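Below: one structure, written as structure tokens.
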Amino acid sequence: YGSNRATFDLEHGQVEIEQSADFPWSDQVAITVNPASPATFDLKLRLPGWCPNPTVTVNGEPADLDANTTGGYLTLHRAWQAGDTVSLTLPMKTERVYAHPAVRQDVGRVAIQRGPLVYCAEQADNPGTDLFNARLDDAAPLRNAASDLFDGIVTVKADARVTDSAAWGGELYRTERPTETNTELTLIPYFLWANREPGAMLVWLRS
């Protein structure tokens, strides 16, 4: 879903459909249907699998998603008139994602996803933090934060712990459990990494 306008030639005549959205940063999508003359046809909306509780209204009236959704698409069948408005809300929950135990490289690790976007921790946003020694507790809250990065993306912040390697000196092994210090991790959408200075990056964090 993105802001755009398109005109279609149907058997009933021309239909203009205009979309207004700041997706995926905002969960709100507005669609205006403008047929050249009143006409009956289907408008299908994709309801993505990552969103378990979408809502749709037509001119303010709730649509029956259960009865009219097949294969991930909601069918809105009605007599459309110029100016009819469809409002689609796709709540984007920020949540942890875990891999199947057979994915050995990800055992004991967790990834962060917000709506359709997978996030990552990049060194540019976490200076002085050894990302490979950072650990995200299961109980650590995930906080969405507005930013001025990349024209205003939504970042995710989370409290984490980092193994303190300063006390080890030149030792390779020791019998004491490593100590940890508290830090705050900042995560950005994975597709935006490597657009600044070189540095470490992790999608799957220790947990």
Side-chain angles (χ1 to χ4, degrees), residues 1-98 110-120 122 125 141-158 186-195 203:
Y1 293 100
S3 295
N4 59 73
R5 181 186 293 113
T7 301
F8 303 90
D9 290 316
L10 304 182
E11 59 182 350
H12 320 87
Q14 279 196 340
V15 177
E16 179 189 78
I17 295 180
E18 182 177 359
Q19 263 191 134
S20 177
D22 188 24
F23 189 78
W25 314 120
S26 169
D27 60 8
Q28 300 293 318
V29 179
I31 301 172
T32 303
V33 181
N34 287 309
S37 58
T40 300
F41 57 87
D42 291 345
L43 178 67
K44 292 181 179 287
L45 301 181
R46 174 65 176 164
L47 302 181
W50 54 260
C51 182
N53 54 343
T55 58
V56 178
T57 64
V58 181
N59 295 334
E61 295 295 322
D64 187 344
L65 275 61
D66 291 336
N68 297 297
T69 301
T70 304
Y73 284 87
L74 168 66
T75 299
L76 299 175
H77 178 82
R78 58 180 277 119
W80 298 94
Q81 301 188 54
D84 283 346
T85 301
V86 178
S87 296
L88 169 63
T89 303
L90 298 172
M92 289 181 284
K93 184 179 179 180
T94 302
E95 55 192 346
R96 291 167 171 78
V97 178
Y98 300 91
V110 63
I112 304 303
Q113 180 172 330
R114 178 179 180 268
L117 298 179
V118 173
Y119 276 65
C120 70
E122 191 175 15
D125 303 302
L142 305 175
R143 303 181 293 275
N144 298 332
S147 77
D148 56 3
L149 294 172
F150 304 105
D151 297 324
I153 65 169
V154 174
T155 63
V156 173
K157 295 183 180 292
T186 298
L187 297 95
I188 66 169
Y190 171 73
F191 78 91
L192 286 171
W193 84 281
N195 278 289
V203 171

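Computation of the quantities below employed the complete heavy-atom set of this structure, encompassing side-chain atoms and omitting hydrogens, waters and symmetry-equivalent molecules. The shown structure was predicted, so the numbers you read here are calculated from the model rather than taken from an experiment.
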List the atom of [X], the atom of [Y], and the distance in Å for their closest heavy-atom pair.
X    : Y    : value
P189 : I153 : CD-CD1, 3.7 Å
V29  : A21  : CG2-CB, 4.0 Å
I188 : E122 : CD1-OE1, 3.4 Å
D64  : L74  : O-CD1, 4.2 Å
P54  : P91  : CA-CD, 4.2 Å
M92  : P116 : SD-CD, 4.0 Å

Requested in this report: Output, in order, the C-alpha distance, side-chain angles, deciding distance and verdict of side-chain contact (heavy atoms from CB on, under 4.5 Å) for R96 and I112.
Outcome: CA-CA 5 Å; R96 291 167 171 78; I112 304 303; 4.0 Å; yes
Query raised in the report: Distance only, no hydrogens: is a donor on one side chain within 3.5 Å (strictly under) of an acceptor on the other, for Q19 and S3?
Result: no
[Y] and [X], any side-chain heavy atoms less than 4.5 Å apart:
X    : Y    : result
V58  : L43  : no
L10  : F41  : yes
Y190 : L117 : no

Measuring from atom [atom1] of [X] to atom [atom2] of [Y], what distance do you get when rounded to the nearest 0.5 angstrom?
X    : Y    : atom1 : atom2 : result
Y1   : L45  : OH    : CG    : 4.5 Å
W193 : D125 : CH2   : CG    : 13.0 Å
T70  : L47  : OG1   : CG    : 10.5 Å
N68  : D42  : CG    : CG    : 9.5 Å

Does [atom1] in [X] sit with more than 12 non-hydrogen atoms of other residues, nucleotides or ligands closer than 6.0 Å?
X    : atom1 : result
D9   : CG    : yes
R143 : CZ    : yes
F150 : CZ    : yes

Query raised in the report: Which of these passes side-chain contact (heavy atoms from CB on, under 4.5 Å) with R114: L142, T155, T94?
Result: T94
Report summary line: In E16, R5, Q81, the residue satisfying side-chain contact (heavy atoms from CB on, under 4.5 Å) with N34 is E16
